[in-house]
Amino acid sequence: MLTGQTHSDQFGRILRPSARHIGFCATPLLSGCAAQSAPTFSIFGAYFPDWMLCGMIGVAVAVGLRVLFLISGIDSVLSLRLFTYVSLGIIAALLVWLIAFGP
């Protein structure tokens, strides 16, 4: 340790350049929505993210398919019901995202 310098001075000198480099490199990664607008839609003046709408549609599709499977008798044949309905809901949500908001 050099004379006249405390331990915190040395630590600050070592940390400052690396923190600057991390901040400089992280800036493009943190500005994802700056070029375009954020993926939202307006309902009565309030902005909701698109993924929330897709998630609600996925849940509704999973519940609807469960009712349909119960009526048709397919539900009694399924061995992993929870994973089946969660997967169907996720597939529906991703399809809505791809069709409505995709490229």
Side-chain angles (χ1 to χ4, degrees):
M1 183 183 295
L2 298 174
T3 57
Q5 290 183 341
T6 63
H7 183 67
S8 63
D9 290 339
Q10 278 186 329
F11 184 71
R13 186 179 301 166
I14 293 170
L15 184 65
R16 267 190 228 123
S18 64
R20 229 179 293 145
H21 294 300
I22 290 171
F24 180 73
C25 294
T27 302
L29 298 174
L30 297 175
S31 62
C33 295
Q36 301 173 347
S37 63
T40 59
F41 59 95
S42 176
I43 296 179
F44 300 115
Y47 291 99
F48 293 95
D50 293 341
W51 63 265
M52 192 179 297
L53 174 68
C54 295
M56 288 188 291
I57 290 172
V59 168
V61 167
V63 169
L65 286 174
R66 170 146 168 93
V67 170
L68 184 68
F69 286 177
L70 282 171
I71 292 171
S72 66
I74 298 174
D75 187 66
S76 61
V77 178
L78 296 174
S79 60
L80 298 172
R81 292 182 183 108
L82 175 66
F83 296 115
T84 301
Y85 293 121
V86 168
S87 299
L88 289 171
I90 289 172
I91 289 169
L94 292 175
L95 281 174
V96 168
W97 177 269
L98 183 64
I99 292 169
F101 306 107

Under the side chain to side chain contact (heavy atoms under 4.5 Å, CB included) criterion, do Leu98 and Leu94 qualify, and how do the steps go?
CA-CA 6 Å; Leu98 183 64; Leu94 292 175; over 6 Å; no
Gap separating the CD1 atom of Ile74 from the OG1 atom of Thr84, nearest 0.5 angstrom:
11.0 Å
Restricting to non-hydrogen atoms, name the atom on Gly58 and the atom on Ala92 that form the minimum distance, rounded to 0.1 Å.
CA-CB, 4.2 Å
How long is the span from the CG atom in Leu70 to the CG atom in Leu65, to the nearest 0.5 Å?
11.0 Å
Treat each ILVMFWY residue as a node, draw an edge where side-chain heavy atoms are under 4.5 Å apart, and state whether Trp51 and Val61 are in one component.
yes
Only pairs at least two apart or in different chains count here, so list each salt bridge (Lys or Arg N to Asp or Glu O under 4.0 Å) that has a residue in residues 69-95.
Arg66-Asp75, Asp75-Arg81
Quick one: do Leu88 and Trp97 end up in the same hydrophobic cluster if we chain Ile, Leu, Val, Met, Phe, Trp and Tyr together by side-chain heavy atoms under 4.5 Å apart?
yes
Please determine whether residues Leu78 and Leu68 belong to a single hydrophobic cluster, defined as Ile, Leu, Val, Met, Phe, Trp and Tyr linked transitively by side-chain heavy-atom distances below 4.5 Å.
yes
Of all heavy-atom pairs between Ala62 and Tyr85, which one has the smallest distance, and what is that distance?
CB-O, 3.5 Å
Interatomic spacing from CD1 in Ile57 to CG in Leu53 - rounded to 0.5 Å
4.0 Å
Using side-chain heavy atoms (C-beta onward) and a distance below 4.5 Å, is Val67 in contact with Ile71?
yes
Closest approach of Cys54 and Ala93, non-hydrogen atoms and distance?
O-CB, 3.3 Å
